[in-house]
Asks: 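Let me begin by handing over the structure; questions about it come next.
The chains referred to below are lettered A, B, ... by the order of the sequence lines, with proteins before strands, and numbering in each begins at 1.
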Amino acid sequence: MQKTFKIMQLYENAVLNICADTLKRNKQALVFVSTKSSAEAEAERISRKIRVKDSDKRSLEEVSSKVLRVLDKPTKQCQRLALCVKKGIAFHHAGLHSAQKELVENNFKRGLIKVICATPTLAYGINLPAFRVIVRDLKRFSGPRGMNWIPVLEFLQFCGRAGRPDFKDKHGEAICVAQTQSDKKRIIEYYISGEPEEILSKLAVEPVLRTYVLSLIATEYANTENELMSFFKKTFYAYQFKDMKKLERIIKRILNDLEEWEFITRSTDYLEATLLGRRVSQLYLDPYTAHYLVTCLRRAKNRIISPFSFLQMISNTLELRPLLTVRAKEYDYIEEKIAEHQASLLCLEPSMFEPEYEEYLKSIKTAMFFLDWINEVDEELLLEQYGIRPGETRAKLELADWLLYSSQELCKLIRLHGLIREINKLRVRLKYGAKEELLPLLRLRNVGRVRARKLYNNKIKDLDDIRKADITRLTQLLGRQTALSVKKQLGQEYAEEKIRVKKSKRKGQTALTRYDEKSS
DNA sequence: GGACGGTGAAACTTCAGGTTGCCTC
DNA sequence: GAAGTTTCACCGTCC
């Protein structure tokens with residue numbers, strides 16, 4: 001239902017006016033924008049003009065300081081969010097650390113945070129309704145065609161967040177912001193009065209089809225071309241397009257590829273997955289990626305293997321996209337890096353004139369980012385150098401781990417056992433973002449990259465050193481609870497009450513006195 | 001006169017998001 | 001294509 005009402009024009013900015021009005025009514029709002037930096041900038045703009053209720057001030061400061069403490073060293077993004085949260089405003093996008101997302105979501109549900117400026121993430125998956133939804137951007141950049149209007153379905157998804165029946169809202173309001181009169185007309189006709197788009201089957205997309213064809217054969221659901229075809233005839237794709245001839249042609253080509261890649265065998269009409277094919281299917285890998293990984297791994301015996309070898313190998317897969325973009329001024333530097341790592345690269349460099357070259361450069365930059373991470377570069381520097389935000393780092397690391405695990409599994413089947421250990425080491429280093437020298441210490445529970453580094457720099461380099469270390473010294477480095485836990489993990493228990501912390505006369509300093517060892 | 005901070009125009013840069021595996025060194 | 005960010009020139013203020 002469309003509704004007309006006036007909102008006080010206190011500022012030049014429409015979003016700001018609507019937010020001010022929402023707060024005056026003691027309600028909350030979600031603002032949807034098209035990019036991460038827009039979400040941050042809009043939140044900042046609103047927070048500069050908003051006055052916080054005295055009763056909320058203290059709680060907001062607490063949340064703000066929690067936001068700041070999520071990482072060991074807060075990044076600019078953390079500081080920006082913390083400042084906004086102090087004013088009861090927040091931004092939300094995939095670049096946020098998951099703990100920060102949770103803080104924002106929970107405190108919005110509590111009613112403490114009044115406005116969230118978000119990218120479309122918030123409209124999907126997360127149940128976070130608000131009295132008002134403000135859709136600021138209805139256009140989004142999409143590749144070579146420039147700015148495009150978003151689908152009606154997506155618009156409806158945004159609007160669906162309006163209204164909180166749990167909080168006795170009788171209705172919710174969704175407000176679009178139009179820049180021009182013609183935009184206004186378009187919004188009313190296309191979005192408000194228009195019909196949502198038809199839902200299209202994604203089956204015709206080759207990576208998806210490839211994966212399903214292999215999985216049908218691997219699970220022995222279909223063992224002949226006819227069985228495969230009769231399966232696909234019953235899918236939504238067939239119902240929608242009816243062009244089975246085209247689908248048949250694509251499937252035939254996929255079967256040829258799978259056979260050539262040794263994922264299936266064909267005797268007369270009978271299709272069977274090989275051991276390798278079955279594993280590829282279990283790992284949910286696109287067979288194309290799996291074949292690429294196998295080719296790279298087989299190349300390893302002629303190369304000088306280093307962590308960069310594997311990092312670049314996985315960075316060049318479709319799964320890890322979008323890769324980090326290479327700026328014009330970085331070209332020379334990246335090319336230098338290729339020369340530097342030449343002998344260890346498992347994925348060969350395409351010619352400069354090939355269309356893949358651009359992606360190859362990106363894969364090198366992405367691998368460099370991973371390498372910096374495992375060399376303990378902190379997140380503020382990663383944000384500065386690579387423009388990658390903490391939340392995005394986590395997402396990339398998770399993908400990298402899956403691809404490396406898959407590579408390990410493939411190594412087992414193609415008898416490259418020598419590589420498994422190396423990949424495993426790399427996975428632990430990626431998980432913690434730590435240099436190789438910290439690996440022994442990382443085996444302990446409650447010890448991550450920060451604590452391990454602290455121990456290592458204080459000459460406690462492995463489990464034996466920890467065993468020999470004085471509990472007092474360990475407590476100074478790790479704190480009491482962690483020190484006790486670490487010792488306990490090595491079978492050394494201490495009577496807790498006998499470790500006393502004596503306040504030093506000098507302010508703020510603590511020193512430990514006696515300790516008693518129960519057993520070792 | 002020089003250091004410093006604030007301001008605004010111009011140039012430059014960048015553009016949403018997410019599931020899958022296994023259990024272990 | 002448009003919004004956000006960075007850069008840089010310019011100006012006023014203070015010491």
Side-chain angles (χ1 to χ4, degrees), chain A residues 13 15 32-45 76-77 80 91-96 98 101 117-126 136-151 154 157-158 177 179-180 183 202 207-208 211-212 214-215 278-287 289-290 317-322 324-330 383-384 386-389 391-392 394-412 417 419-432 436 439-440 442-443 463:
Chain A
N13 179 305
V15 174
F32 285 107
V33 297
S34 66
T35 67
K36 295 190 195 90
S37 58
S38 284
E40 296 185 14
E42 194 65 68
E44 213 168 38
R45 200 157 35 229
K76 279 202 189 81
Q77 183 185 262
R80 217 173 170 187
F91 52 84
H92 189 289
H93 55 59
L96 285 194
S98 57
K101 273 192 226 168
C117 299
T119 55
T121 4
L122 206 68
Y124 298 91
I126 306 163
R136 193 198 74 173
D137 299 342
L138 282 157
K139 283 182 190 166
R140 185 184 305 138
F141 180 83
S142 54
R145 287 176 301 152
M147 299 302 273
N148 278 309
W149 291 92
I150 62 167
E154 198 171 325
Q157 187 73 25
F158 293 157
V177 179
Q179 304 289 347
T180 61
D183 279 3
K202 284 261 194 294
V208 178
T211 309
Y212 279 109
L214 180 60
S215 110
R278 244 180 295 176
R279 197 72 189 103
V280 167
S281 178
Q282 284 164 351
L283 291 165
Y284 276 88
L285 282 175
D286 172 4
T289 303
T317 59
L318 284 174
E319 283 77 355
L320 217 69
R321 287 182 194 185
L324 303 189
T325 47
V326 179
R327 297 190 196 112
K329 60 182 176 195
E330 291 173 330
L383 182 63
E384 222 168 86
Y386 299 97
I388 191 160
R389 299 169 168 93
E392 294 160 317
R394 295 299 182 288
K396 285 265 179 282
L397 289 173
E398 207 171 296
L399 283 170
D401 188 53
W402 163 51
L403 288 167
L404 285 173
Y405 172 77
S406 301
S407 303
Q408 254 179 312
E409 292 298 296
L410 295 176
C411 278
K412 284 181 194 164
H417 296 284
L419 299 180
I420 296 175
R421 213 184 135 72
E422 289 306 310
I423 300 179
N424 219 349
K425 243 194 309 193
L426 182 57
R427 285 184 61 208
V428 180
R429 290 186 60 193
L430 268 181
K431 181 174 171 197
Y432 291 100
E436 189 169 348
L439 286 180
L442 291 171
R443 292 170 66 182
L463 298 186

Asks: How would you summarise protein contacts on nucleotides 19-25 of chain B per nucleotide, using B for base, S for sugar-phosphate only and - for none, with heavy-atom distances below 4.0 Å?
Replies: -BBS-BB
Asks: Just to verify, what does A:Glu409 make a side chain to side chain donor-acceptor pair (under 3.5 Å) with, not counting sequence neighbours?
Replies: A:Arg279, A:Lys412
Asks: Taking the side chain as everything from C-beta on, heavy atoms only, tell me whether A:Leu410 gets closer than 4.5 Å to A:Val280.
Replies: yes
Asks: I'd like to know if A:Arg389 pairs up with A:Glu40 as an ion pair, taking the criterion as any Lys NZ or Arg NE/NH1/NH2 lying under 4.0 Å from an Asp or Glu carboxylate oxygen.
Replies: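 Result for this pair is yes, salt bridge flagged.
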Asks: Does the distance from a Lys or Arg side-chain N to an Asp or Glu carboxylate O, for A:Glu398 and A:Lys431, drop under 4.0 Å?
Replies: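 Result for this pair is no, no salt bridge flagged.
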Asks: Run the salt bridge (Lys or Arg N to Asp or Glu O under 4.0 Å) test on A:Arg140 and A:Glu154 for me, step by step, so that the C-alpha distance in whole Å, both residues' side-chain angles and the decisive distance to 0.1 Å come before the verdict.
Replies: CA-CA 12 Å; A:Arg140 185 184 305 138; A:Glu154 198 171 325; 2.3 Å; yes
Asks: Which whole number of Å gives the distance between the P atom of C:dT5 and that of B:dG17?
Replies: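 Going atom to atom, P in each nucleotide, I get 15 Å.
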Asks: Are side-chain heavy atoms of A:Thr119 and A:Ser34 found at a separation under 4.5 Å?
Replies: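 With C-beta onward as the side chain, the pair stays apart.
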Asks: Round to a whole Å and report the spacing from CG of A:Leu122 to P of B:dG18.
Replies: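 For the pair A:Leu122 CG and B:dG18 P, the rounded distance is 11 Å.
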Asks: Can any side-chain N or O of A:Ser407 pair as donor or acceptor with the backbone N or O of A:Leu403 at less than 3.5 Å?
Replies: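 Pair found, side chain donor or acceptor close to backbone of A:Leu403.
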Asks: How far does the C1' atom of B:dT19 sit from the matching atom of C:dA2, given to the nearest Å?
Replies: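 That atom pair is separated by 32 Å.
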Asks: Hey, is the side chain of A:Arg136 poking within less than 4.0 Å of OP1 or OP2 on C:dG4, counting only N and O atoms?
Replies: yes
Asks: Please name the nucleotide paired to C:dC11 by Watson-Crick or G-U wobble geometry with both distances under 3.5 Å, or report none.
Replies: B:dG5
Asks: Is any side-chain heavy atom of A:Arg427 less than 4.5 Å from a side-chain heavy atom of A:Tyr432?
Replies: no
Asks: Can you build the contact string for nucleotides 7-17 of chain B? Use B for base contact, S for sugar-phosphate-only contact, and - for no protein heavy atom under 4.0 Å.
Replies: ------SSBBS
